[in-house]
Amino acid sequence: MLHEPSVGETTIIDHYIDSFLKSEGKTEEFLKKQFSNVHASSSFNDILAKVTFINSFYNTQIKNDHLRWVATRIYLLNTQYKVLTENGEAEGIVDYYLSDSADKIECRKLVDYIAFCDIEKNSPDNEKHISAGNLYVFASKYCSWHQFKKFPIVDSLVMGLLWRLNEAGKNDTEQKNIGTYRKLFRQYEMFSYSNYCNIYDDYIKFINTKRPANTGCYDYKKLDQCTWMYISEKLTNLDNREEKKDKIKEKFGISPDYKAHPEIIKKAEQELDHYSINNREESYECI
């Protein structure tokens, strides 16, 4: 597993990070450049550009004719809901929570707000009555590309790995191995981003305690890259053994079942109400 200390002169984690960069490095550099160009901008067109980039290169399964709708969600979230800063000024909730000054823990709420809250139900751009569906993965990637040190990426296969480690912990109480790197959790806890981050933080803390003393600490970005590459390699090996793809997904991946846990959506909507302002019609007219 990933806690193995080294392979040759590098850690096994470094090995997977290098493999990831060889495979996806050009895409990473392109997205980094695009997001740095429009990082401080919250105009609708710039939001739409970033939504399109993420969906194209990360395959977040947003249909092309829904891209404008997703951008509208983020734009309206930023214009309709404000955070009162330390200077006493009201700032758009998206701009504030993706800024350098936002608290690392507090800003995590933004992912759930983008993913779950019915922000644009009365917007002219939602005349097709599109359902939010699963924007959870997309929302984490959108936020991560703005602030990767604050937002780990949610991925169904990574959730599957964390869950398998959790299950291993039930039978690993004596060895105190990777299966018990944190207290046990229930699967649905990962469907709320704050809870997911708590689980992921314990995971990254455990990995860093096992690293050789002469290597640097791993952050969200590096461990996201490593974990994704590690799982991809395992899936490739399974595929080579001619296992069916649906069986591979069933064995490794976890797709959040939000309909079974409406309390997650309800909590996000209740929290978001505290940031609401009364300028909704004006916001629609600006798009």
Side-chain angles (χ1 to χ4, degrees), residues 1-5 11-13 16 103-112 115-116 134-137 139-141 143-144 148-211 217-235 237-238 246-268 270-271:
M1 295 295 288
L2 293 179
H3 68 293
E4 297 174 22
T11 68
I12 194 168
I13 295 178
Y16 282 114
D103 179 78
K104 178 179 179 180
I105 304 300
E106 185 74 12
C107 69
R108 291 172 173 174
K109 297 177 180 180
L110 182 60
V111 170
D112 286 351
F116 305 135
N134 181 11
L135 290 177
Y136 187 37
V137 171
S140 73
K141 292 176 178 178
C143 293
S144 179
F148 72 86
K149 293 184 178 180
K150 296 180 179 180
F151 296 93
I153 288 175
V154 176
D155 183 275
S156 63
L157 295 178
V158 175
M159 281 197 288
L161 174 63
L162 294 174
W163 179 245
R164 292 193 345 264
L165 296 179
N166 180 76
E167 292 297 279
K170 295 179 180 179
N171 303 313
D172 199 20
T173 54
E174 293 184 1
Q175 296 183 30
K176 300 296 180 183
N177 209 329
I178 193 167
T180 53
Y181 75 95
R182 75 180 315 275
K183 66 179 181 180
L184 300 179
F185 58 90
R186 296 179 180 177
Q187 189 174 113
Y188 74 86
E189 292 181 56
M190 292 188 290
F191 304 164
S192 168
Y193 189 69
S194 293
N195 290 337
Y196 177 84
C197 288
N198 291 336
I199 294 167
Y200 203 93
D201 282 345
D202 287 341
Y203 173 54
I204 199 170
K205 181 179 179 181
F206 178 86
I207 293 295
N208 278 323
T209 61
K210 297 295 183 179
R211 65 181 175 81
C217 288
Y218 300 109
D219 57 20
Y220 289 148
K221 174 69 76 174
K222 290 182 179 179
L223 203 55
D224 283 342
Q225 294 172 344
C226 163
T227 305
W228 186 88
M229 198 68 203
Y230 169 79
I231 298 171
S232 296
E233 183 176 290
K234 296 298 180 183
L235 294 183
N237 291 338
L238 283 176
D246 57 344
K247 291 294 183 181
I248 294 174
K249 190 73 174 180
E250 179 182 340
K251 188 170 184 177
F252 279 86
I254 291 178
S255 296
D257 182 6
Y258 303 106
K259 292 182 179 179
H261 300 283
E263 68 277 6
I264 296 175
I265 298 176
K266 184 177 180 180
K267 180 182 178 182
Q270 288 175 338
E271 289 180 352

**Request:** Could you give me the CA-CA distance, side-chain angles and deciding distance for M190 and I199, then say whether side chain to side chain contact (heavy atoms under 4.5 Å, CB included) is met?
**Result:** CA-CA 8 Å; M190 292 188 290; I199 294 167; 3.7 Å; yes
What are the two closest heavy atoms between [X] and [Y], and how far apart are they?
{"X": "K150", "Y": "R108", "result": "O-NE, 3.9 Å"}
{"X": "S140", "Y": "F151", "result": "O-CB, 4.5 Å"}
{"X": "Y196", "Y": "D155", "result": "OH-N, 4.3 Å"}
{"X": "V154", "Y": "V137", "result": "O-CG1, 3.3 Å"}
{"X": "K149", "Y": "K104", "result": "O-CE, 3.7 Å"}
{"X": "I264", "Y": "F116", "result": "CG2-CE1, 3.7 Å"}

To the nearest 0.5 Å, tell me how far [X] [atom1] sits from [Y] [atom2].
{"X": "T227", "Y": "L161", "atom1": "OG1", "atom2": "CG", "answer": "6.0 Å"}
{"X": "Y193", "Y": "L110", "atom1": "OH", "atom2": "CG", "answer": "9.5 Å"}
{"X": "K109", "Y": "S192", "atom1": "NZ", "atom2": "OG", "answer": "11.0 Å"}
{"X": "I105", "Y": "C197", "atom1": "CD1", "atom2": "SG", "answer": "7.5 Å"}
{"X": "C217", "Y": "L223", "atom1": "SG", "atom2": "CG", "answer": "11.5 Å"}
{"X": "Q270", "Y": "E263", "atom1": "CD", "atom2": "CD", "answer": "11.5 Å"}

Give a yes or no on whether the backbone of [Y] and the side-chain of [X] come within a donor-acceptor separation of less than 3.5 Å.
{"X": "Y136", "Y": "V111", "answer": "no"}
{"X": "T209", "Y": "F206", "answer": "yes"}
{"X": "N166", "Y": "L162", "answer": "no"}

**Request:** Might you work through the side-chain hydrogen bond (donor to acceptor under 3.5 Å, both in side chains) test for D224 and Y218, ending with a clear yes or no?
**Result:** CA-CA 10 Å; D224 283 342; Y218 300 109; over 6 Å; no
**Asked** Is it true that atom NZ of K267 has more than 12 heavy atoms of other residues, nucleotides or ligands lying nearer than 6.0 Å?
**Response** no
**Request:** Indicate, with yes or no, if the rings of W163 and F185 have centres closer together than 6.0 Å.
**Result:**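 Under 6.0 Å, so yes.
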**Item:** Aromatic centroids of Y203 and Y200 separated by under 6.0 Å
**Value:** yes
**Request:** Take Y220 and D201, measure what side chain to side chain contact (heavy atoms under 4.5 Å, CB included) needs, and give me the verdict at the end.
**Result:** CA-CA 9 Å; Y220 289 148; D201 282 345; 2.3 Å; yes
